[in-house]
Amino acid sequence: MTNPAVSLLADLIRRPSVTPVEDGVLDVLEAFLSPLGFACTRLKFEGDGSYPVDNLYATRKGNHPGPHLLFAGHTDVVPPGDATAWTHDPFSGVIVDGVMWGRGATDMKSGVAAFCGAVAQLAQTGALEHGTVSLAITNDEEADAVNGTKKLMEWAEAQGEKYDFAIVGEPSSFETFGDSIKIGRRGSVSGRITVIGKQGHAAYPQRANNPMPVIAEIVRALYAPLDEGTEHFQPTNLEVTAIDTGNLASNVIPERTSMRFNVRFNDTWTGETLLAEIHRRLAEVDTRGCRVKFEQIGPISRCFISQPEGHVAHLCDVMEAFNGTRPQLSTIGGTSDARFISLYCPVVECGLIGATMHQVDERVPVADVERLAEFYADYVAKFLARESA
């Protein structure tokens with residue numbers, strides 16, 4: 001029998017929920033979860049300089065007191081790009097030769113569908129009666145992430161919700177399902193540095209003050225190593241992503257130039273201590289009479305780590321028994337909504353292989369979706385039974 005996760009995934013893909021357009025995708029989930037005994041609450045958050053976002057919180061309390069497991073995920077997807085470049089319609093959810101095609105097939109409607117398929121199975125066996133299972137689903141992860149999971153978790157805390165452990169269903173595997181789970185993520189901070197000099201004729205540099213040598217020195221200063229890495233994280237790295245003067249003339253010394261950069265930092269730093277180090281390095285640069293301005297771009301994404309013991313170790317035990325091999329513990333990659341959840345409980349990312357995410361022809365083998373749903377069902381049943389024993 002085909003796992004209900006498969007048909008649910010197709011239904012989710014057919015809703016073109018490009019951030020922040022919800023397009024009924026949360027209706028699909030609510031219609032699936034409500035008959036299973038989940039109390040569903042729809043929440044729209046807005047403000048703080050970002051667009052309004054639809055969110056779903058669903059929770060099911062068992063007949064016996066027990067632990068509380070949170071599953072988190074997102075239903076929004078990135079734009080498909082040129083739809084004519086796709087082998088199949090990006091919002092068709094069509095299955096061809098055992099593979100389902102469509103935007104969100106791996107990132108991460110498959111994770112959401114697989115967990116829902118798992119709880120549908122467990123609702124029939126009575127396994128959900130040993131504790132509480134909740135889902136926090138947002139339609140704002142791929143873009144601003146302002147009115148999504150962060151505010152959803154703040155709302156849940158205000159309702160008195162407390163969690164023992166959380167799983168985010170993001171793609172976390174490398175080559176085969178379950179070969180890796182993510183127990184943390186580096187933080188991220190971005191900035192813009194502007195150097196203001198004096199415009200002039202390139203033939204008369206003594207009458208101008210060229211900001212370009214200063215910006216070059218700033219780049220050199222910022223690229224000095226920040227650390228050597230830590231037990232669970234690779235070294236912090238800073239990348240200059242743009243340098244621009246807006247100068248179209250080859251014989252004019254520009255008045256100003258600006259550069260943008262992004263830093264992915266490990267647990268050596270907080271966002272605040274990292275910014276202090278950047279300011280320290282800027283202060284050591286000879287500005288040659290130019291003015292230097294710094295501007296932080298966007299909010300700081302914090303670094304977090306869930307310790308490998310306890311709930312993380314138990315999940316690894318279940319995965320090892322399920323797959324025959326123990327998953328690698330990883331912290332690589334960009335930011336994710338797990339950073340918001342880590343403030344409330346230990347959290348890991350555990351999902352499929354992300355090889356085609358954000359690409360043209362995003363797709364997932366149906367067998368992988370069924371296997372993920374099977375694993376989630378196995379883990380949730382063991383988590384509730386173990387913690388409530």
Side-chain angles (χ1 to χ4, degrees), residues 17 19-20 22 24-76 108 111-113 115-116 118-120 122-123 127-141 144-170 299 301-302 304 306 310-311 335-350 376 379-380 383-384 387-388:
S17 51
T19 319
E22 186 261 339
V25 69
L26 297 181
D27 294 337
V28 172
L29 286 179
E30 185 173 355
F32 186 94
L33 292 168
S34 293
L36 302 178
F38 282 83
C40 295
T41 304
R42 300 287 287 273
L43 298 148
K44 177 173 283 190
F45 301 119
E46 53 188 301
D48 294 322
S50 188
Y51 40 76
V53 174
D54 293 292
N55 303 274
L56 170 66
Y57 188 81
T59 189
R60 187 185 192 281
K61 299 183 185 298
N63 293 327
H64 311 288
H68 193 167
L69 178 69
L70 174 69
F71 176 86
H74 65 93
T75 48
D76 63 315
M108 63 158 283
V112 174
F115 193 85
C116 289
V119 295
L122 296 177
L128 296 182
E129 303 305 327
H130 297 289
T132 300
V133 176
S134 297
L135 294 88
I137 309 296
T138 184
N139 207 60
D140 178 34
E141 192 271 351
D144 289 4
V146 169
N147 289 311
T149 300
K150 179 178 184 293
K151 291 188 177 180
L152 191 54
M153 294 303 296
E154 292 170 352
W155 172 88
E157 182 183 40
Q159 309 309 304
E161 297 283 68
K162 297 184 183 302
Y163 312 100
D164 295 285
F165 191 50
I167 294 176
V168 178
E170 290 279 10
S301 296
R302 59 187 293 273
F304 75 91
S306 294
H311 292 299
T335 60
S336 80
D337 277 1
R339 68 188 187 274
F340 303 124
I341 299 167
S342 66
L343 294 169
Y344 302 89
C345 66
V347 56
V348 300
E349 296 172 46
C350 178
Y376 281 158
Y379 173 73
V380 172
F383 173 86
L384 296 178
E387 295 298 316
S388 60

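The structure displayed is predicted, hence computed values, not measured ones.
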Exercise for the section: Evaluate whether atom NZ of Lys150 has more than 12 neighbouring non-hydrogen atoms of other residues, nucleotides or ligands under 6.0 angstrom away. Expected result: no
Problem - Nearest non-hydrogen partners of Phe304 and Ala338, listed with the distance - result: CZ-CB, 3.5 Å
Exercise for the section: For Lys162, enumerate each residue passing the salt bridge (charged side-chain N to carboxylate O under 4.0 Å, His left out) test, keeping only those at least two apart in sequence or located in another chain. Expected result: none
Problem - By side chain to side chain contact (heavy atoms under 4.5 Å, CB included) - contacts of Thr132 (at least two apart) - result: Thr59, Lys61, His68, Ser134
Problem - His311 side chain near Cys345 side chain, heavy-atom distance below 4.5 Å - result: no
Problem - Polar side chain donor-acceptor pair, Glu46 to Asn147, under 3.5 angstrom - result: no
Exercise for the section: Determine which pairs satisfy side chain to side chain donor-acceptor pair (under 3.5 Å) with at least one residue from residues 24-33, sequence neighbours left out, and list them in order. Expected result: Asp27-Arg42, Glu30-Arg42
Problem - Within residues 46-65 or reaching into it, pairs that qualify as ring pair (Phe, Tyr, Trp, His ring centres under 6.0 Å) - sequence neighbours excluded - result: Tyr57-Trp155, His64-His130
Practice task
Please round to the nearest 0.5 Å and tell me the distance separating atom CD1 of Ile167 and atom CG of Leu70.
Solution key: 9.5 Å
Exercise for the section: List for me each residue that meets salt bridge (charged side-chain N to carboxylate O under 4.0 Å, His left out) alongside Asp140, sequence neighbours excluded, and say none if there are none. Expected result: none
Handout entry: Sidechain-backbone polar pair: Asn139 side chain, Val53 backbone, donor-acceptor under 3.5 Å
Key = no
Completion exercise
Sorted by chain and number, sequence neighbours left out, side chain to side chain contact (heavy atoms under 4.5 Å, CB included) with Val28 holds for Leu8, Asp11, Leu12, Arg15
Handout entry: For Tyr376, ring-ring contact (aromatic ring centres under 6.0 Å, His included) partners two or more places apart
Key = Phe71, Phe115
Problem - Partner residues of Glu157 under the side chain to side chain contact (heavy atoms under 4.5 Å, CB included) criterion, sequence neighbours left out - result: Tyr344
Handout entry: Close side-chain approach of Lys151 to Lys44, heavy-atom, < 4.5 Å
Key = no
Exercise for the section: Give, for atom CG of Leu56 and atom CG of Leu33, the distance between the pair rounded to the nearest 0.5 Å. Expected result: 7.0 Å
Handout entry: Ser50: side-chain hydrogen bond (donor to acceptor under 3.5 Å, both in side chains) partners, not counting sequence neighbours
Key = Asp144
Problem - Least distance between heavy atoms, Cys116 atom then Leu135 atom - result: SG-CD2, 4.0 Å
Handout entry: Side chain to side chain, Phe165 and Val348, heavy atoms closer than 4.5 Å
Key = yes
Problem - For Tyr379, ring-ring contact (aromatic ring centres under 6.0 Å, His included) partners two or more places apart - result: His314, Phe383
Problem - Between CG on residue Leu128 and CG on residue Leu36, distance to nearest 0.5 Å - result: 8.5 Å
Problem - With sequence neighbours excluded, residues passing side chain to side chain contact (heavy atoms under 4.5 Å, CB included) with Asp337 - result: Thr138, Glu141, Ala145, Thr149, Arg339, Phe340
Exercise for the section: Would you indicate whether the side-chain heavy atoms of Val380 and Leu384 approach each other to under 4.5 Å? Expected result: yes
Exercise for the section: Could you grab the distance from atom CD1 of Ile137 to atom CG of Asn55, nearest 0.5 Å is fine? Expected result: 9.5 Å
Handout entry: Under 3.5 Å donor-acceptor, Ser17 side chain and Thr75 backbone
Key = yes
Completion exercise
Those residues at least two apart in sequence (or on a different chain) that pass side-chain hydrogen bond (donor to acceptor under 3.5 Å, both in side chains) with Ser336 are Glu349
Practice task
Work out which heavy atom in Ser301 is nearest to a heavy atom in Thr335; give both atom names and the distance.
Solution key: CB-CG2, 3.6 Å
